[in-house]
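Working notes, structure below.
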Amino acid sequence: MNLILLGPPGAGKGTQAKILTKKFAIPQISTGDILRSAVKEQTAMGLKAKSYMDSGALVPDDVVVGIVKDRLAQPDCANGFVLDGFPRTVAQADALKQMLAGLGKLIEHVLSIEVDKEDLLGRITGRRTCRSCGRGYHVAFDPPNVAGKCDECGGELYQRDDDREDTMRNRLAVYEEQTAPLIAYYKQESLLRSIKGVGSIEEIQRSILNIIEGCSV
Ligand code: AMP
């Protein structure tokens, strides 16, 4: 099952992708996670990406296309994958189409998670991330058992630089300008499936499952 999760920052793509990976035993390919780990490890790619990420801008297409190309060639993608946060521009979508054609694969569904702009700001600025394992939390909607500590690994929770309000506003503007056109792009390809991104994590997951295989959680 080859899926794309599309939606603005804060729509819940990462959370939903993680549930899908467990349910279908397919990997989540999050360009944001891969870039963050490159920044943490201070690789050449990480050093190049950091300033874009800190300001809420998009990392250049050639960098992320290269990441996804390498990742899709890994054996664990043989039975499918969930792309989370890629593609984010029409050029990336075109590159993906070409890449998949070369691998003899097709995207089955593009799941577009729709959330009002006003809701997104509150969701993102309350978001916390584990420094060790990357698990996400929300101070109000999905708090950890012990404040500031990850339930899974005990790691320290922190607020990503790009989750702060000023950066978030920029990320939303970038989304509208560069990523939202992908909704029309995939509609034209008859791949777009729209989901209301409001309600509980389980409700949203149920909407996704109804679409992808007519089953429920
Ligand atoms: P995310 O965790 O998906 O919100 O990504 C965090 C940041 O990483 C974004 O604000 C961008 O700076 C960068 N990034 C992640 N995925 C992409 C992509 N497909 N294209 C360009 N930049 C990306």
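In listed order, ligands and their atoms are each counted from 1. Just so it is clear, the model here is predicted, and its values are computed rather than measured.
Using a distance-only test at 3.5 Å, with no hydrogens or angles considered, a donor-acceptor pair links the side chain of Thr179 to the main chain of Arg88. Looking at Arg123, its side chain does come within 3.5 Å of a backbone N or O of Gly10 through a donor-acceptor pair. Although no hydrogens or angles enter the test, the distance criterion places a donor-acceptor pair under 3.5 Å between the side chain of Asn2 and the main chain of Leu106.
Here's the thing with Val59: one of its N/O atoms is less than 3.5 angstrom from an N/O atom of ligand 1. For ligand 1, the polar-atom distance check finds no N/O of Tyr52 at less than 3.5 Å from any of the ligand's N/O atoms.
Residue contacts with ligand 1, taken as heavy atom pairs separated by less than 4.0 Å, involve Leu35 solely via side-chain atoms from C-beta onward. The side chain of Val64, and not its backbone, has at least one atom closer than 4.0 Å to an atom of ligand 1 (non-hydrogen atoms only; side chain from C-beta on). Residue contacts with ligand 1, taken as heavy atom pairs separated by less than 4.0 Å, involve Asp162 solely via side-chain atoms from C-beta onward. Only side-chain heavy atoms of Arg160 come within less than 4.0 Å of ligand 1; its backbone N, CA, C and O stay farther off.
In terms of protein heavy-atom proximity, atom 3 (O) of ligand 1 is nearest to Arg88 NH1, 3.0 Å. Looking only at heavy atoms of the protein, atom 16 (N) of ligand 1 is closest to Thr31 OG1, 2.8 Å. For atom 10 (O) of ligand 1, the closest non-hydrogen atom on the protein side is Arg171 NE, 3.8 Å. The nearest protein atom to atom 8 (O) of ligand 1, hydrogens excluded, is given as Met53 CE, 3.5 Å; this is a heavy-atom distance.
Atom CD1 of residue Ile34 and atom CD1 of residue Ile67 lie 6.0 Å apart, to the nearest 0.5 angstrom. Atom-to-atom distance recorded for Leu58:CG and Glu177:CD is 9.5 Å, nearest 0.5 angstrom.
Heavy-atom distances between Lys13 and ligand 1 stay at or above 4.0 Å for every pair.
Ligand-side atoms of ligand 1 in range of Ala57: 11 (C), 12 (O), range being under 4.0 angstrom from any heavy atom. Residue Gln92 has at least one heavy-atom neighbour below 4.0 Å for each of these atoms of ligand 1: 18 (C), 19 (N), 20 (N), 21 (C).
At most 12 heavy atoms of other shown residues, nucleotides or ligands fall within 6.0 angstrom of atom NZ in Lys149.
The existence of a salt bridge linking Arg206 and Glu202 is excluded, since no basic side-chain nitrogen approaches an acidic carboxylate oxygen closer than 4.0 Å.
Side-chain contact between Asp84 and Phe86 is absent, with no heavy-atom pair separated by less than 4.5 Å.
Taking the ring axis of Tyr137 as reference, the NZ or CZ atom of Arg128 does not stay both within 45° of it and closer than 6.0 Å to the ring centre.
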